[in-house]
2 protein chains.
Amino acid sequence: MTVTTRRADAQRSIAAILTAAAECLGRDPAASTSEIAKAAGVGRVTLYGHFPSRAELVDAVFVQAIATGEETLGQVDLTGDPRDALTRLIESSWHLVDQYRALLLAAQDALPPGRVRELHADPMARVERLLERGRAENVFRTDLPTSWLVSVMHNVMHGAASEIQAGRITSDQAAPYITATLLAAFAPPKAE
Amino acid sequence: MTVTTRRADAQRSIAAILTAAAECLGRDPAASTSEIAKAAGVGRVTLYGHFPSRAELVDAVFVQAIATGEETLGQVDLTGDPRDALTRLIESSWHLVDQYRALLLAAQDALPPGRVRELHADPMARVERLLERGRAENVFRTDLPTSWLVSVMHNVMHGAASEIQAGRITSDQAAPYITATLLAAFAPPKAE
DNA sequence: CTCTTGTCGAACACCAGTGTACGAGTTACG
DNA sequence: CGTAACTCGTACACTGGTGTTCGACAAGAG
């Protein structure tokens with residue numbers, strides 16, 4: 001209801017800035033507004049005309065990234081054996097994490113503390129739901145809090161992204177490694 | 001052989017700067033040289049007299065941190081059942097990770113890429129040795145590369161540090177959570 | 001005691017980024 | 001078409017950091 005009053009050419013600029021920003025920040029989390037404007041084929045002034053500050057731009061890009069990620073994740077089949085569902089979820093999440101790694105860094109130091117986590121609420125809830133179901137069905141461990149398991153998953157995936165960036169593993173290997181690691185970590189401890 | 005020619009008073013300054021830097025960077029990874037000098041009770045000029053650049057100062061602090069960490073880690077008993085040894089190693093490493101978390105961040109963006117890892121060589125080798133032994137004794141899995149397991153351990157510990165900093169878990173809970181998670185993740189997958 | 005080494009503060013040059021102001025030119029939209 | 005919306009480049013003010021220079025002064029070493 002706010003939007004109808006934007007001229008077509010302004011909308012094009014905004015879109016161009018958003019995609020250019022996504023691309024630049026994905027390469028270098030510290031990319032400057034000049035860099036982004038140039039990449040968008042737009043004057044720096046125009047950029048500030050649409051986004052009051054660098055922070056708000058980063059926020060917008062991040063929001064968009066989460067939204068498109070959510071769309072992908074929403075199509076993952078989470079029914080059936082929770083272990084298989086988790087495998088599928090990892091397979092999809094993983095690509096997103098790898099892709100948006102640098103953008104996340106940008107967000108972390110341009111946005112107020114807590115904002116990143118706030119925007120992650122939806123994807124996190126999805127994981128949590130799956131884990132809870134797995135716990136209820138006795139295929140995931142219940143001796144650790146669900147939130148901790150979520151955090152472990154998060155960190156292992158981001159760790160894998162670092163390893164790739166450093167050239168120590170390849171993109172192909174990552175998903176199976178992550179899956180093998182997390183399935184083991186999440187299994188109920190066998191009583192000895 | 002280089003050192004004997006430093007005046008007592010200069011040595012005091014250097015020490016003060018080093019400890020102040022450790023403290024400041026531990027609070028805020030982006031702490032400025034002014035801040036550090038002030039905290040050390042020393043002029044900014046004096047600081048630059050001993051450390052040619054901010055980067056070299058950070059490097060020196062980091063080197064020192066690793067060294068004292070290594071000292072602690074060197075006292076951990078790594079004999080006996082590798083699982084127990086790993087538990088003890090985690091217990092010790094964990095405190096170090098938590099303590100030096102912010103310093104690590106400082107190092108990561110002040111030092112040339114690869115330098116951080118280079119300085120981590122010793123502690124990483126220690127972990128690797130233990131894991132290799134565990135693999136040889138069939139208590140740790142061999143279907144994933146050792147280097148991956150090391151990375152997982154690293155990331156889980158750092159993840160725990162974030163959780164603490166965000167106030168979602170307490171320092172007490174961390175070690176048992178980490179241990180429980182890693183022991184499960186590292187166990188050989190049971191043939192089904 | 002003397003001379004070298006170190007310390008101090010203030011000032012300076014420099015850089016890179018952010019955000020703003022201005023005025024002229026262009027483009028969509030009705 | 002005409003007007004309002006948009007864009008552009010240049011230039012500016014401001015901020016906050018880094019690293020250097022200077023000259024005066026203190027303090028340790030022999």
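Below, chains carry the letters A, B, ... as their sequence lines are ordered, and counting in each starts from 1. Quantities reported herein were computed from a predicted structural model and do not represent experimental measurements.
- Lys38(A) and Glu35(A) are not joined by a salt bridge, as no carboxylate oxygen comes within less than 4.0 angstrom of a charged side-chain nitrogen.
- Using the six-membered ring where Trp is involved, His120(B) and His154(B) have ring planes that are perpendicular, over 60° apart on the 30 and 60° scheme.
- Near DNA chain C, defined here as any heavy-atom distance below 4.0 Å, the residues from residues 32-50 of chain A are Ser32(A), Thr33(A), Arg44(A), Val45(A), Tyr48(A), listed numerically.
- Two residues are said to be in side-chain contact when any heavy atoms from C-beta on lie closer than 4.5 Å; Asp98(A) and Ser171(A) meet this criterion.
- As a whole-Å value, the separation of Leu25(B) CG from dG17(D) P is 13 Å.
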Please enumerate all protein N or O atoms sitting under 3.5 Å from an N or O of nucleotides 28-30 of chain D, with distances to 0.1 Å.
| unit_1 | atom_1 | unit_2 | atom_2 | d |
| --- | --- | --- | --- | --- |
| dG28(D) | OP1 | Arg12(B) | NH2 | 3.3 |

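- Side chain of Glu137(A) to main chain of Gly134(A): no donor-acceptor pair is present (N/O by atom type, distance under 3.5 Å, no hydrogens or angles).
- In this structure, Leu57(A) atom CG and dG17(C) atom C1' are separated by 15 Å, rounded to whole Å.
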Stepwise salt bridge (charged side-chain N to carboxylate O under 4.0 Å, His left out) test for Glu91(B) and Arg88(B): CA-CA 5 Å; Glu91(B) 182 70 44; Arg88(B) 289 189 292 269; over 6 Å; no

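- The closest side-chain donor-acceptor pair between Arg135(B) and Thr146(B) falls under 3.5 angstrom.
- For the pair Gln11(A) CD and dC29(C) C1', the computed distance is 13 Å after rounding to whole Å.
- Here the C1' atom of nucleotide dG17(D) and the CG atom of Asp109(B) are 14 Å apart, to the nearest Å.
- With 3.5 Å as the limit, one finds no donor-acceptor pair spanning the side chains of Trp94(A) and Thr179(A).
- Between dT7(D) and Ser13(A), a contact under 4.0 Å exists linking OP1 or OP2 to a side-chain N or O.
- Taking atom CD1 of Ile14(B) as the reference point, atom C1' of dG6(C) lies 11 Å away to the nearest angstrom.
- The backbone N or O of Ala65(B) sits less than 3.5 Å from a side-chain atom of Thr68(B), completing a donor-acceptor pair.
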